[in-house]
Every structure is written in structure tokens, then in C-alpha cells.
Amino acid sequence: MRPAPTILHLDMDAFYASAEQAAKPSLRGKAVVVGGLGPRGVVATASYEARRLGVHSAMPTAQARRLAPNAAYLVPRFSLYRTVSDQVMELLGRLSPLVEPLSLDEAFVDLEAGGTADDSASARATGEGLRAAIRAVTGLSGSVGLAGSKMLAKIASEEAKPDGLLVIEPGTERELLAPMSVRILPGVGPATGDHLRRAGMTTVHDLAEAGEAELVRLVGKAHGHGLHRMALGLDDRPVVAERDAKSVSVEDTFDVDLHDRVRVRAEVERLAVRCVERLRAADRSGRTVVLKVRRYDFSTLTRSETLRGPTDDPTVVREAAGRLLESVDTTGGVRLLGVGVTGLADYTQEDLFAQAADARELAQRDREHHAPAAEGGAEEPVPEPEADSAEQLAARRWPAGHDVHHEEHGHGWVQGSGIGRVTVRFEEPWSAPGRVLTFRIDDPLLRPADPLPLVRESPDYSSWPASLPKSRSSGAAASGGGESSP
């Protein structure tokens with residue numbers, strides 16, 4: 001534990017939904033739900049307006065629609081979220097060389113290592129300066145927690161939400177934690193929380209009073225020891241600048257179970273290519289290919305194959321995933337497929353044999369395609385993959401919430417599509433709410449577009465945070481267990 005609250009935790013507020021509201025003036029102040037929109041879709045993020053109606057992340061979208069039928073339901077735009085995340089992480093990098101990203105919208109920062117804070121006053125000033133900079137650069141809000149440990153900084157940012165700042169002064173940890181639910185502690189999920197509740201422990205104070213021996217008896221040695229330390233507010237984990245990914249994977253859930261074996265294999269091959277694209281974007285390679293199949297009855301199977309060396313060759317990964325699929329029975333239907341690569345490395349070992357085999361396979365396919373049918377015989381029919389309906393194709397081309405451009409009306413976003421039509425609202429992040437028009441889904445003047453920046457003219461923060469206070473300031477520290485700034 002540090003003697004000063006110099007570990008900062010930033011958590012952007014309802015990140016995906018807030019980004020969508022910032023991009024779409026007509027949705028500001030209204031309920032917005034971002035996630036999968038099909039029958040099996042799941043909520044990724046809900047705006048605070050939607051949360052007040054009972055919608056939350058990981059909830060089935062169908063249930064969310066019952067709770068908030070008038071909300072705007074949008075498909076995620078990850079290209080926009082990554083762009084905004086890069087802007088935020090760049091600001092964090094100006095505060096310290098030790099920035100530990102946890103996701104696109106969340107990170108720890110060691111302010112002491114960056115020389116930007118060494119006491120409560122300078123830490124608070126840095127946190128407030130960061131929040132102002134994020135709003136100016138991205139147009140979005142983030143909540144900041146400051147404490148002497150990572151665990152407490154994360155708890156502080158959660159308590160400060162939305163759009164607030166909370167400083168937990170060293171020495172006040174136990175007083176602050178005591179009345180909180182055991183679920184506030186890292187590693188205490190629903191199952192562990194229920195187990196502790198049955199033992200009569202519902203608050204952090206109960207855990208601290210129970211003692212380490214009792215917790216070890218209840219949840220095991222390793223977990224019990226850690227749980228007791230956390231209940232006392234103790235956490236010595238450092239901020240780690242590099243969090244090395246252990247795997248890269250992609251997966252898709254299908255609105256309708258896939259039964260056709262040809263379609264299933266085609267989807268696996270498509271996912272394999274997407275997985276390699278992510279692998280290459282991270283400048284990595286991998287040695288073990290993993291296939292994930294969730295069947296009609298929700299049973300989930302995983303199969304893996306370890307290659308002779310790391311690779312980022314899409315052909316090698318695709319063929320390995322195809323071989324793994326052969327060992328899985330999919331006759332009852334498939335609701336989810338996933339392809340991943342583990343055993344990551346920062347180099348590749350070219351598989352010349354696989355490449356040669358791929359060349360032979362392509363040549364063989366070409367010969368078979370051009371060869372005439374045997375005399376007196378009929379060609380063997382090739383099964384066609386299951387065709388998507390016109391509505392499914394339209395939904396894929398015009399996802400709700402995604403950007404479009406019309407040659408006459410300019411930039412807009414898709415409000416919805418169906419029955420051969422797509423409805424578009426024409427507005428920009430810095431405009432007034434725009435008008436709504438409907439077009440045929442094959443209108444030649446309408447095309448998909450890239451997201452616009454959320455802030456039209458981003459201010460120059462090249463010299464930030466040089467003006468922030470760095471020296472100790474006597475008598476300026478906040479008193480008590482913390483103070484929230486709205």
C-alpha cells in the first residue's frame with residue numbers, strides 16, 4: 001500500500017452507448033442499447049437512461065426490448081470505439097509511462113512513476129485535469145478513482161460513477177470498505193458471494209471480522225488468504241505497462257441454427273481468416289489453433305491442434321480449423337462458432353509444406369472446375385450452403401446505428417432496415433437532430449461510410465500535463481474516506 005493516492009483508475013461512462021449518443025444528436029438524453037440485435041443478441045452496453053429502466057450489460061436483447069421498448073437498439077461500431085480509446089490512452093500515456101489498459105475504456109495509471117502526483121492534492125488535480133482533457137478531446141465523460149492500491153482505485157472509480165472523481169485517503173480504507181457488499185471485491189462473483197452469504201457474510205466488514213482461517217475453510221487456501229487481505233484493504237499489485245495477450249479469437253452467434261455442413265465449414269473458414277487478421281494487426285503469430293462449437297442444446301465443445309511452429313498464415317489456420325471441425329458432430333444444429341489462436345509469439349515459422357499443399361489444392365480445384373463431366377455420366381451435385389434471406393442480407397449491409405453517406409443528403413446513420421427498405425437519419429455529431437428518410441436497400445446513391453469524429457475540432461493537448469502541480473502541498477489533502485466531485 002502506498003502512503004499517497006497515486007494510483008489512478010479511469011473507467012469511461014457507459015462507453016459504447018455514450019459514444020453513440022455523442023455521435024447522434026437525436027439520441028442524447030434518450031435510452032440507447034448497444035449489442036447484438038438478433039434473437040440471440042446480448043446487450044454490450046446500455047446508456048444510463050436505459051439502465052434506469054432495468055437494462056444492463058450481458059442481458060439478452062430480447063429481454064431488454066421488453067423492459068425498454070422505446071429505446072434505440074444499435075449494432076456496435078468498434079472502429080469508432082477503438083479510435084476514441086486510442087485518444088484516451090494517448091492522454092493517459094502523457095501522465096505516466098506505466099499505463100495498464102484493461103479494455104478499450106478502462107485503465108490503471110501509476111502517477112508516481114510519471115512524476116505527475118506525489119500527494120493527495122496533486123493526485124486530485126491530475127485526476128480532474130484528466131477528466132477535463134478527455135471531455136475536450138473526445139466529448140465523453142470518464143470516472144476517476146485515486147487510491148494507494150489498484151483494488152481501491154477501481155472501487156473508487158465505480159463509486160464515483162457517473163462522471164465523478166473519488167479519492168480514497170490512505171488509512172481510511174477499512175472504514176470505507178466495511179459497509180460495502182462482498183461483491184465489491186475482485187474475484188467475488190455470484191457463486192462465491194452466495195456461498196459467503198449462506199455463511200452469514202454479506203459485507204466486507206463481515207469478512208474482516210471472520211478472520212483468515214475461517215475464509216480459508218470456506219473458499220480454500222489461496223482464495224481465502226487473498227480475500228482476507230482485500231477485506232483489510234491490502235493490495236500490493238503494481239501497475240504493469242505491458243499486459244501480454246495470451247490468445248486471439250473471434251466468434252459469431254447465429255440467429256438461426258446452422259444445419260448445413262457446407263455452411264458450417266464456410267463459416268469456420270471465414271472466422272479463421274478474421275482471426276488471422278486480428279493476429280497480424282497485433283504483430284503476433286500463434287502455434288495452437290482452437291475451434292469452439294456451441295450446439296443446438298447449448299453444449300459447447302472445444303478442439304485444438306498445435307502446429308510445428310508459430311504462424312500467421314491464414315491458409316494454415318483455416319486448414320487446421322477445418323480439420324478440427326471434422327471431429328465435431330454438428331448434425332443437430334450449431335448456434336455459435338469460434339476460431340482462436342493461442343501460444344502467441346512475435347515471430348513466425350513459415351510452413352512451407354502447408355503452402356505447397358495449398359498451391360496443389362488450388363491447382364486441383366481449378367482442374368476440377370474446368371474438367372468436362374465423364375462421358376455418359378452426370379456430374380455429382382455439389383451441395384449449396386444455406387442462403388440468407390433478403391432481410392438478413394439487408395441487416396448485414398445496413399446494421400442499425402452504422403454510418404452511411406448519401407450523395408444528395410450527406411452523412412447519416414441507419415435507424416433500421418426491412419421489407420427492402422433502409423431508414424436513415426441524416427445528422428452529424430456537431431449538428432442539430434436531423435431529418436429521417438427511407439430508401440430502397442439497393443439505392444445506388446447510398447453507401448456505407450466511416451464514422452465521423454465525435455469532436456469537430458479537437459484542442460491541442462501536445463503540452464499537457466506540464467501545468468499540473470507536482471510538488472507536495474501541505475494541508476491540501478482531502479479529509480475523511482474520500483470526496484466525490486460531480
Side-chain angles (χ1 to χ4, degrees), residues 1-14 46 48 51-52 54 56-58 100 102-103 105-109 120 123-124 127 142-220 222-237 239 477-486:
M1 293 291 295
R2 296 187 178 185
T6 55
I7 292 182
L8 180 148
H9 181 261
L10 169 73
D11 195 357
M12 300 295 289
D13 299 322
Y48 286 100
R51 295 181 189 189
R52 286 194 285 270
H56 57 77
S57 60
E100 182 178 340
L102 303 180
S103 62
D105 63 332
E106 185 180 2
F108 287 109
V109 184
S120 296
R124 179 182 292 278
S143 295
V144 168
L146 291 152
S149 70
K150 290 168 68 173
M151 179 190 76
L152 290 167
K154 185 173 174 62
I155 290 174
S157 69
E158 185 64 29
E159 292 295 302
K161 280 186 170 294
D163 192 18
L165 180 147
L166 178 66
V167 178
I168 299 179
E169 294 290 347
T172 66
E173 299 91 354
R174 291 193 63 177
E175 179 184 354
L176 178 77
L177 289 173
M180 293 184 175
S181 166
V182 295
R183 292 290 304 279
I184 198 72
L185 300 179
V188 180
T192 302
D194 189 56
H195 187 56
L196 293 171
R197 181 187 59 78
R198 290 196 299 270
M201 303 178 194
T202 57
T203 67
V204 176
H205 172 77
D206 295 333
L207 300 181
E209 290 297 307
E212 182 178 348
E214 177 64 11
L215 293 177
V216 167
R217 185 186 70 82
L218 285 172
V219 298
H223 197 19
H225 174 71
L227 202 56
H228 186 250
R229 283 182 56 81
M230 288 189 293
L232 298 178
L234 303 177
D235 177 21
D236 297 324
R237 294 174 299 159
V239 176
S479 61
E483 181 178 326
S484 179
S485 301

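All figures in this text were calculated on a predicted structure; none of them were measured in a lab. Computed from heavy atoms alone, side chains included, the values below leave out hydrogens, waters and symmetry copies.
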- Message: Between D11 and D105, is the side-chain contact (heavy atoms from CB on, under 4.5 Å) condition met? List the steps.
- Response: CA-CA 6 Å; D11 195 357; D105 63 332; 3.8 Å; yes
- Message: Could you go through L177 and I155, starting from their C-alpha distance and side-chain angles, then the distance that decides it, and tell me whether this counts as side-chain contact (heavy atoms from CB on, under 4.5 Å)?
- Response: CA-CA 9 Å; L177 289 173; I155 290 174; 3.7 Å; yes
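- Looking at heavy atoms from C-beta onward, P5 lies in side-chain contact with S120 at the 4.5 angstrom threshold.
- Counting all heavy atoms, side chain and backbone alike, V109 lies closest to V239 at C-CG2, 4.4 Å.
- For the pair L207 and L215, the minimum side-chain heavy-atom distance is below 4.5 Å.
- Here the closest heavy-atom approach between residue T203 and residue P179 is recorded as CG2-O, 4.0 Å.
- In this structure, R174 has no salt bridge (charged side-chain N to carboxylate O under 4.0 Å, His left out) partners at least two apart in sequence or on a different chain.
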Could you list the donor-acceptor pairs under 3.5 angstrom formed between side-chain atoms of residues 223-232 and any protein atom two or more places apart in sequence or on another chain?
residue, atom, partner, partner atom, Å
H225, ND1, E212, OE2, 2.8
R229, NH2, D236, OD2, 3.0

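- For the salt bridge (Lys or Arg N to Asp or Glu O under 4.0 Å) condition, no pair includes a residue of residues 178-193, sequence neighbours left out.
- Closest of all the heavy-atom pairs between L146 and A123 is CD1-O, 3.4 Å.
- Pairing each heavy atom of D235 with each of S149, the nearest pair is O-CB, 3.3 Å.
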- Task: Output, in order, the C-alpha distance, side-chain angles, deciding distance and verdict of side-chain contact (heavy atoms from CB on, under 4.5 Å) for V204 and I184.
- Result: CA-CA 8 Å; V204 176; I184 198 72; 3.9 Å; yes
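- Interatomic distance, CD of E175 versus CD1 of I168, reported as 11.5 Å (0.5 Å rounding).
- Within the model, atoms NZ of K150 and CZ of R2 stand 10.5 Å from one another, a figure rounded to the nearest 0.5 Å.
- What you find for G145 and A156 is that their closest heavy atoms are CA-CB, 3.6 Å.
- Closest non-hydrogen pair, S157 versus S143, comes out as O-CB, 3.7 Å.
- Between the CE atom in M201 and the CG atom in L218 there is a gap of 5.0 Å [rounded to 0.5 Å].
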- Item | Stepwise side-chain contact (heavy atoms from CB on, under 4.5 Å) test for H9 and E158 | CA-CA 9 Å; H9 181 261; E158 185 64 29; over 6 Å; no
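- Between F108 atom CZ and M151 atom CE the span is 10.5 Å, to the nearest 0.5 Å.
- A distance of 9.5 Å separates CG of D206 from CG of L196, quoted to the nearest 0.5 Å.
- Residues L10 and E106 are not in side-chain contact: their nearest non-hydrogen atoms beyond the backbone lie 4.5 Å or more apart.
- Distance NZ/K161 to CG/L166: 13.0 Å, rounded to 0.5 Å.
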